[in-house]
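This is a predicted model, so every value here is computed, not measured.
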Amino acid sequence: MQFAQVLVDVPTMQTDKPFTYQVPAQLAGDLKLGMRVIVPFGRGKRKIQGFIVGFSDHVDFKGPVKPISAIIDPNPVVNDEMLKLSAWLAQTTFSFRISCVLTMLPSVMRAKAKKVLQRTDGELPAALQALFGDHEQIEFDQAALSDEQTKLILKAVQAGQLSVDYVVKNHAKPKLITKVQAHLGQPQLQKILDQVAKNAVAQQKLLRWLIDHPKDAIAQPTLIKTLGINASTIKTAAQKGWVTQSTVEALRNPYQKPIQKNYPLQLNADQQNAVDHIADSIHNDNAKVYLLEGVTGSGKTEVYLQAMQKALAAGKTALMLVPEIALTPQMVNRVKGRFGNLVAMLHSGLSMGEKYDEWRRIDQGDAKVVVGARSAVFAPLQNIGIIIMDEEHDSSYKQEDTPRYSTREVAKWRGQYNHCPVVLGSATPSLESRARASKHVYELLMLPHRINNQALPAVHIVDMRNEMANNVTSDFSQSLVDAIKLRLARKEQTVLMLNRRGYSAFLLCRDCGFVLKCPNCDISLTVHLKGHQMQCHYCGYEQPIPNVCPNCQGHHLRTFGTGTEKVEQELNQILPDARVIRMDVDTTKRKGAHEKLLARFGSGQADILLGTQMIAKGLDFPNVTLVGVLNADTSLELPDFRANEKTFQLLTQVSGRAGRADKAGSVYIQTFNPDSQAIQLAKTQDYEQFYRSEMRLRHLANYPPYFFTIRVTASATYENQAAGTIYQIANFLNGALTNRNIILGPTPSAITRVNNKYYYQLIIKYKHEPNLQSALETVLNKYQSATRHGIYISIDPEPVSFM
DNA sequence: AGCACGCCGACT
DNA sequence: GTCGGCGTGCTC
């Protein structure tokens, strides 16, 4: 194997193929497939990161072949499965293979090459001399240097006084700790202890500990802390030969709190049936996809846990995916309580280092169960026995930037590769999945009953048009207020949902009709009382709330569209004694804030939990007997064909938060569209009927699941560039594709300008389109050079929204 | 991406 | 004449 095929870390169309490199003799024995290496690339001395994707004995490339410079990690970081998966992913998501490889790995492996300036010989100009000081080499960070300095440096390089070198920076460093262990036997230590000076207290403490723990290897910092001694005592002890110090890899474990063990629960007949079916596939290496449709509170989680247990019992591993927001401590404790140290967690709350450590635990085979959000679908588990995807309809499973993969599709691919079942679970499956179950592509498993046959909560629809007619300007109907008061009196808890954060959606001048907009985006600014700022939810722009109209200097500015901040204020007025916790992006930004707020609510330190849709999932608080939805219309009014589906799912999910233990629950849904299908059916929580009625609408309008969809977006600095490009693409596609598909648009995207870039899009609806893949690849190739002019094309297969 | 080459206008 | 602006092409 003289040559290696290397995927270079340069995400462009022209470099999206393996490059051939020589295997130098000194690396020949160590190089393995999937290893991360450093290679020279380009004319200069530029060095970059690459991944070995193949070996060969001959070269096809005509031209000089360079040798691989070095190996980055001692072991391969990408296995055979991941190499194949990355190729498939690159093709189906129209993205670069290297981008796919990098998304599968922890972010610390996104190495960046650093330029370093090295002194060679001769006197440097005074200005540069000052820059170097005593150092022989410094980092060449052009951004931190002035133009003058850069010029001087380039001159010095040409004159041979300096040289530019490249260092590929690797952040993926395992954390190392020093362990201490007794080196002598107990009798010898005892003898030393007897002879040691009476005032050498620290040494005595250490010796006593060593005598008590003859075998233990303890982390040095822990030993220092427990004994109250310092590092020099241990150093001296090592020099005297009492102890040995060794450096080992420390894996940061983010959940070190002791977790209460829990045991499998008794299953009801439906649950048992589901577990039996899944177990059957596990034992027969059958890559079947199951749709587990269970009403809220039907015990899906217990089915998951017991199915995973079956996989472990068969000597295999288990992967469980959950929406990011549902990774609550409750969920974590439940899984950890069942499988203990075998569990690795992957979620956004971990630091980069912690994620890397968890990844390594999985890679080394120390963790057999992985629980995590979207990106955990790439966890380097081997010999997977089951993949579970909870709340499979959740939109957070779709990655919204490149590679725009669907977690569900990746999970199914891995199911095929590992010959294991994939379980998609939901109370409100996506219509796509439910339709596939009807066509027997998936096997449908139903959990129609709640645990202990508990009744579903009673749902009341409150017609807000009547409330308005009664001249009520509050965001609360009288019936909802009465219901909350009743819970307060009974010392029960309430969950209130309003799907809009901030104080109010926009600020309007009643004199001239002016609405304050973001200077960078085509969107109105949201009023936030906290910090007294107007905020853009798209680009993060902020400015103080104006006192007078910026347009006419009038004083009649009014806020419209209630957000959670305002509701919190209203609650304090209507129910001054109620203790309210508000949970939205603004109150949960800090690390751990989410958990803290939920823990406070769970322990009864508040009466009302008010939040955006982040409170709709997975919460299980037995004392919650009332759920109020303040405005069910926000998601219904979206200009998206999935508006009904999203509304029904959200209402059903949030309703499921009420009455989960022995107390009956009730739900109040306030709406201006009480007759809408989505809201009427959420009342009875009848998913099957919703499915049937919504399928009819989708069929009539040629929408998914009857059609596949793909979105092509052109973005550019100038509006005419974006528009011009998308029209050219539309023309090309009309010629290149068969006439059996439908192209919607081109149109400006719902928010045409975001962060000073213009977005235009078109949507292709198709059933079977043989030319699609090649036509879209042609589009990408054609417009690849346009990136130089700030024009970008993006292709999104099965977008979650058409906006 | 990032770098070099190369072709044009404006300076010591 | 040469310095440096940016448009273009290539990287094993």
Side-chain angles (χ1 to χ4, degrees), chain A residues 1-25 27-28 31 33 35-72 90 95-103 107 109-117 139-159 162-170 401-403 715-718 721 780-794:
Chain A
M1 293 300 157
Q2 268 181 283
F3 302 101
Q5 258 65 252
V6 175
L7 210 58
V8 293
D9 189 355
V10 182
T12 67
M13 196 123 252
Q14 301 98 308
T15 52
D16 190 26
K17 57 174 183 197
F19 285 72
T20 310
Y21 283 86
Q22 278 175 48
V23 175
L27 296 181
L31 274 185
L33 205 65
M35 270 189 168
R36 214 155 55 113
V37 291
I38 296 170
V39 290
F41 196 65
R43 275 173 267 218
K45 284 199 275 177
R46 188 178 175 207
K47 284 196 176 157
I48 54 164
Q49 162 175 277
F51 293 83
I52 298 189
V53 296
F55 290 105
S56 60
D57 284 319
H58 68 282
V59 220
D60 292 330
F61 178 67
K62 293 164 196 31
V65 177
K66 294 180 183 176
I68 291 173
S69 306
I71 295 176
I72 300 181
S95 40
F96 309 124
R97 182 131 180 238
I98 186 66
S99 312
C100 295
V101 169
L102 289 174
T103 10
S107 51
M109 291 197 184
R110 279 156 204 251
K112 271 280 153 262
K114 289 256 167 179
K115 286 201 276 188
V116 171
L117 284 173
E139 193 179 303
F140 186 18
D141 180 8
Q142 231 146 316
L145 298 168
S146 69
D147 285 358
E148 315 275 295
Q149 287 170 314
T150 314
K151 269 181 199 161
L152 280 171
I153 288 169
L154 293 177
K155 277 242 167 71
V157 171
Q158 275 166 7
L162 291 177
S163 75
V164 186
D165 286 294
Y166 292 82
V167 177
V168 175
K169 245 195 146 175
N170 179 20
D401 40 47
T402 42
S715 64
T717 322
Y718 299 101
Q721 288 177 321
L780 285 177
N781 270 312
K782 237 167 133 174
Y783 291 94
Q784 164 240 126
S785 55
T787 44
R788 279 227 157 81
H789 307 108
I791 300 170
Y792 295 90
I793 310 295
S794 93

Output yes when a side-chain donor or acceptor of A/D16 lies under 3.5 Å from a complementary backbone atom of A/R97, and no otherwise. yes
Between B/dC3 atom C1' and A/Q14 atom CD, what is the distance in whole Å? 13 Å
Heavy-atom side-chain proximity of A/V8 to A/Y21 below 4.5 angstrom: yes
Can you tell me how far apart CD (A/Q5) and CZ (A/F19) are? Round to the nearest 0.5 Å. 11.0 Å
What integer distance in Å separates A/Q22:CD from C/dC12:C1'? 10 Å
Spacing between A/I98 atom CD1 and C/dT11 atom P, to the nearest angstrom: 18 Å
Rounding to an integer number of Å, can you tell me how far A/M13 CE sits from C/dT11 C1'? 16 Å
Centroid distance below 5.5 Å plus an interplanar angle below 30 degrees: do A/F19 and C/dC12 meet both conditions? no
To the nearest angstrom, how far is A/I48 atom CD1 from B/dA1 atom C1'? 9 Å
Quick one: does A/T15's side chain have a donor or acceptor within less than 3.5 Å of a partner on A/V10's backbone? yes
First of A/K66 and A/R43 reached from the 5' end of DNA chain C, by closest nucleotide: A/R43
OH/A/Y718: more than 12 non-hydrogen atoms of other groups inside 6.0 Å: no
Would you mind reading off the distance between A/D9 atom CG and C/dC12 atom C1', rounded to a whole angstrom? 16 Å
Heavy atoms under 4.0 Å, any strand shown: does A/P40 hit a base, just sugar-phosphate, or nothing? sugar-phosphate
Heavy-atom donor-acceptor pair, A/Q784 side chain to A/Q14 backbone, under 3.5 Å: no
Could you state the CZ-C1' distance from A/F61 to C/dC12, rounded to the nearest angstrom? 5 Å
In numerical order, the residues of residues 782-794 of chain A whose heavy atoms come under 4.0 Å of DNA chain C are A/R788
Pick base, sugar-phosphate or nothing for A/Y21, based on heavy-atom distances below 4.0 Å to the nucleic acid. sugar-phosphate
Under 4.0 angstrom, heavy atoms only, what part of the nucleic acid is A/V10 near: base, sugar-phosphate, or nothing? base
Under the 3.5 angstrom rule, does the side chain of A/Q22 hit a backbone N or O of A/V65 as a donor-acceptor pair? yes
Name the nucleic acid region contacted by A/K17, choosing base, sugar-phosphate or nothing; use a 4.0 angstrom heavy-atom cut-off, strictly under. base
